[in-house]
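Could you have a look at this structure, given as structure tokens, before my questions?
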Amino acid sequence: MKEINLPNIRQAQFRDRNYRAEIIRDAVKLTPEQKIIGNGLNYHVITYGCQANVRDGEVISGILENMGYTYTDALSEADIIILNTCAIRENAENKVLGEIGFLQSFKRKKSEMIIGLCGCMAQEEKVVDVLMKKYPFVELIFGTHNINRLPQLIENIIHNKQRSIEVYSRQGDIYEDLPSVRQFKHKAFVNIMDGCDKFCTYCIVPYTRGQQRSRLSKDILAEVQYLYANGYKEVTLLGQNVNAYGKDLDDDLSFAELLGKVSDIGIERIRFTTSHPWDFSDDMIDMIASRKNIMPFIHLPLQSGNDEILRLMGRRYTSEQYLTLFDKIKTKVADVAISTDIIVGFPNETEQQFEDTLKVVNYCQYDNAYSFIYSPREGTPAAKMIDNVSLEDKKERLQRLNAKLGEYSKMHNVAYEGRIEKVLVDGYSKTDKEIMCGYTESQKLVNFRCNDAHVGDIIDVKITQGMKNSLNGIAVENKKGVQ
């Protein structure tokens, strides 16, 4: 029987300051047999979680199509279904396990169907243990470090009739030249780094994604140049801690310098996510402020407004330092919109500590926010903390927080009424085929009526109504923006 490689949390914790990730080029080399495995067969990839997972899903799709598989929207028609997972919160894991149970009915009707799970959940020991014991029909399990091994793993299942479980818990390498099927034809995600070394006490990402490792700037710029040459209007630079880019390299660019180089290529819209306040430099702010094609939208996670909770979280800044940074961004970047992440109910959070978070929210008045009740992740330091705050209290605090966040989101959106905004058209609304949708430069979702716009156009839209989570508008006739 083929050796099974299982995740190991102790190995995933290891960091070597002298480690330099190996750059592996042309990492997916298919044999003639692997190129035709999927001929006449269909695949479906279900992706959960962050934009980094979305980018991984594009690579998985690219590999499968190079193997001859054809994409299908219908689960019942798929011959291989891969769940590309997120492990940031427990409810995300429960949702995936529920989906796996649902997929079993398709497997019963089509015994040759391959059901697989990959991504961050696959890097967790307890998850793989559950899959091995309770879900034997999940035959394919691989992690975040070996997507390039997908052809061999599928081949093993088909030819040897064996489960393929291969998860590496290591510092990680950099894979270039991976095939991919881009989700969109007008905007794209570009990974500039992977992994994280911050080790916030609540976060599983440093264990599931490995050590921080930045791509060489020449490879990033070549990818953006290719996208620009092929008509893409927007790129989003991705990293678990995107503004720490380059700190693990000896002779490369800082993130601010990289932003400038990407801007010079001429692509019309540049975004990035996710930022850590600790690594947000003045040079970054100045670069964003000085370039018209770097969009005035910044995601700046707060997590808590109380200094003691921030210390227990391992966030490396105080509320005062956060607000100083916030004010700098607001002062220097014209018309900037700022969103955030907030965790409610960190172990032993008091009412007063929660009130400190509300004070910061009232000061910052965020354009948008993602708020969650703390979810313990096995293997992280915070999961070992004793917690005496009831779930009822945590839910009540979240409700109060969300009411305040919604109030400020609506306030900002109402302020757009009467303005003409440049909107990058994404397509038609899912609920009304007479309504198109897209995003402003400040990342506001706009639903609007237009007779002659196409996906990828940048058009002028007059905002007629500000809603809590979106804007309504009407396209301005004969006033299209740059095409």
Side-chain angles (χ1 to χ4, degrees), residues 7-15 49-50 85-97 120-121 123-130 169 195-212 240-241 274 276-279 300-322 340-361 369-402 405:
N8 186 307
I9 194 73
R10 290 186 177 275
Q11 291 179 13
Q13 291 173 332
F14 179 72
R15 294 292 188 270
C50 66
T85 64
C86 170
I88 200 71
R89 286 176 294 278
E90 186 176 11
N91 62 349
E93 293 184 3
N94 293 336
K95 185 176 180 179
V96 171
L97 293 176
C120 290
M121 277 181 63
Q123 296 290 151
E124 295 185 273
E125 294 175 40
K126 68 169 186 175
V127 171
V128 174
D129 185 58
V130 167
S169 299
C196 182
D197 290 340
K198 282 293 185 286
F199 283 101
C200 299
T201 60
Y202 56 82
C203 186
I204 195 70
V205 168
Y207 309 95
T208 61
R209 288 279 177 179
Q211 186 159 321
Q212 175 177 314
Q240 275 73 39
N241 181 16
T274 290
H276 192 297
W278 174 263
D279 294 305
L300 193 67
L302 169 67
Q303 306 302 5
S304 174
N306 175 266
D307 290 348
E308 176 61 17
I309 295 295
L310 287 172
R311 185 187 68 79
L312 292 172
M313 288 179 167
R315 291 295 289 172
R316 308 188 187 198
Y317 54 82
T318 65
S319 58
E320 181 180 357
Q321 290 169 331
Y322 180 94
T340 197
D341 294 333
I342 297 174
I343 296 172
V344 170
F346 192 77
N348 300 312
E349 178 190 67
T350 66
E351 175 62 24
Q352 182 55 57
Q353 289 171 331
F354 172 70
E355 290 286 345
D356 288 342
T357 295
L358 289 182
K359 288 178 184 177
V360 175
V361 168
Y370 302 93
S371 55
F372 311 97
I373 291 176
Y374 166 72
S375 178
R377 305 284 77 207
E378 186 175 315
T380 62
K384 300 176 183 177
M385 297 179 184
I386 298 173
D387 186 8
N388 62 7
V389 184
S390 70
L391 180 59
E392 290 74 20
D393 284 344
K394 293 178 181 181
K395 288 181 177 179
E396 188 271 338
R397 289 175 189 173
L398 181 65
Q399 186 176 23
R400 284 158 56 197
L401 173 64
N402 285 342
L405 293 171

(message) Looking at Gly210, is its backbone amide N or carbonyl O close enough to the side chain of Arg15 to form a donor-acceptor pair, meaning the two atoms are under 3.5 Å apart?
(response) yes

(message) Show the nearest heavy-atom pair for residues Ile204 and Ala87, with the distance to one decimal.
(response)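 Scanning both residues, the minimum pair turns out to be CG2-O, 3.5 Å.
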
(request) Keeping the roles fixed (side chain from Gln240, backbone from Gly195), state whether a donor-acceptor pair exists under 3.5 Å. (result) yes

(message) Just verifying a value: how many Å separate Leu300 CG and His276 NE2, rounded to the nearest 0.5 Å?
(response) 10.0 Å

(request) Examine distances only and state if a side-chain atom of Arg316 and a backbone atom of Leu310 form a donor-acceptor pair shorter than 3.5 Å. (result) no

(message) Looking at every heavy atom in both Ser371 and Leu401, which two are closest together, and how far apart are they?
(response)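 Ser371 and Leu401 have their closest heavy atoms at CB-CD2, 3.8 Å.
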
(message) Any side-chain to backbone donor/acceptor pair from Glu125 onto Ile9? Under 3.5 Å, distance only.
(response) yes

(request) Would you indicate whether the side-chain heavy atoms of Thr350 and Glu355 approach each other to under 4.5 Å? (result) no

(request) Please check if any side-chain donor atom of Ser319 sits under 3.5 Å from a side-chain acceptor atom of Asp307, or the reverse. (result) yes

(message) Quick check: closest heavy atoms across Gly49 and Cys86, and the distance to 0.1 Å?
(response) CA-CB, 3.7 Å

(message) Would you say CD of Gln13 has more than 12 non-hydrogen atoms from neighbouring residues, nucleotides or ligands within 6.0 angstrom?
(response) yes

(message) Return the CZ to CD distance between Arg315 and Gln303, rounded to the nearest 0.5 Å.
(response) 4.5 Å

(message) Working to the nearest 0.5 angstrom, can you tell me the gap between Ile309 CD1 and Met313 CE?
(response) 6.5 Å

(message) With side-chain contact (heavy atoms from CB on, under 4.5 Å) as the criterion, how do Glu308 and Leu312 come out once you've worked through the C-alpha distance, each side chain's angles and the decisive distance to 0.1 Å?
(response) CA-CA 6 Å; Glu308 176 61 17; Leu312 292 172; 3.8 Å; yes

(message) Let's go through Thr274 and Asn241 carefully: what are the C-alpha distance in whole Å and the side-chain angles of both, what is the deciding distance for side-chain contact (heavy atoms from CB on, under 4.5 Å) to 0.1 Å, and is it a yes or a no?
(response) CA-CA 6 Å; Thr274 290; Asn241 181 16; over 6 Å; no

(message) Looking at Glu351 and Arg400, is any side-chain nitrogen of the basic one under 4.0 Å from a carboxylate oxygen of the acidic one?
(response)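 Salt bridge flag = yes for Glu351 with Arg400.
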
(message) Check the orientation of Tyr317 and Tyr322. Use parallel for under 30°, tilted for 30 to 60°, and perpendicular for over 60°.
(response) tilted

(message) As a quick check of understanding, evaluate salt bridge (charged side-chain N to carboxylate O under 4.0 Å, His left out) for Glu392 and Lys395, giving each step before the final call.
(response) CA-CA 5 Å; Glu392 290 74 20; Lys395 288 181 177 179; over 6 Å; no

(request) Look at the side chain of Asp341 and the backbone N and O of Ala369, then say whether any donor-acceptor pair between them is shorter than 3.5 Å. (result)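 No, Asp341 side chain to Ala369 backbone: no donor-acceptor pair under 3.5 Å.
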
(request) Check whether more than 12 heavy atoms from other residues, nucleotides or ligands sit under 6.0 Å from atom NZ of Lys126, and answer yes or no. (result) yes

(message) I want to check something: taking the side chain as every heavy atom from C-beta on, are Phe354 and Val344 in contact at a cut-off of under 4.5 Å?
(response) yes

(request) Over all heavy atoms of both residues, which pair between Gln353 and Glu349 is shortest? Give the atoms and the distance, please. (result)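 The answer is OE1-CA, 3.3 Å.
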
(request) Could you tell me whether Arg377 sits above the aromatic face of Tyr202, with NZ or CZ closer than 6.0 angstrom to the six-membered ring centre and within 45 degrees of the axis? (result) no

(request) Evaluate salt bridge (charged side-chain N to carboxylate O under 4.0 Å, His left out) for Asp387 paired with Lys394, printing each intermediate quantity in order. (result) CA-CA 11 Å; Asp387 186 8; Lys394 293 178 181 181; 2.4 Å; yes

(message) Please report the interatomic distance CD1(Ile342) to CD1(Ile373), rounded to the nearest 0.5 Å.
(response) 13.5 Å

(request) Please check if the side chain of Asn8 supplies one atom and the backbone of Ser169 the other of a donor-acceptor pair under 3.5 Å. (result)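 No.
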
(request) Please check if atom OH in Tyr370 has more than 12 non-hydrogen atoms from other residues, nucleotides or ligands closer than 6.0 Å. (result) no

(message) How close do Pro347 and Ala382 get, counting heavy atoms only, and between which atoms?
(response) CG-O, 4.1 Å

(request) Taking Gln321 for its side chain and Thr318 for its backbone only, find out whether a donor-acceptor pair lies under 3.5 Å. (result) yes

(request) Please check if the side chain of Ser375 supplies one atom and the backbone of Glu90 the other of a donor-acceptor pair under 3.5 Å. (result)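 Yes, because the side chain of Ser375 sits within donor-acceptor range (under 3.5 Å) of the backbone of Glu90.
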
(message) side-chain contact (heavy atoms from CB on, under 4.5 Å), that's the test. Do Val389 and Arg397 meet it? Break it down for me.
(response) CA-CA 11 Å; Val389 184; Arg397 289 175 189 173; 3.9 Å; yes

(request) Would you check if the side chain of Asn348 reaches a backbone N or O of Asn388 as a donor-acceptor pair within less than 3.5 Å? (result) yes

(message) Nearest 0.5 angstrom please: Tyr207 OH to Cys196 SG, how far?
(response)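 Result: 10.5 Å between the selected atoms.
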
(message) Nearest 0.5 angstrom please: Thr340 OG1 to Leu405 CG, how far?
(response)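 Answer rounded to 0.5 Å: 8.5 Å.
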
(request) Would you check if the side chain of Asp356 reaches a backbone N or O of Gly305 as a donor-acceptor pair within less than 3.5 Å? (result) no

(message) Give me the atom names and distance for the closest heavy-atom approach of Thr380 to Cys203.
(response)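 So the minimum-distance heavy-atom pair works out to CG2-O, 3.4 Å.
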
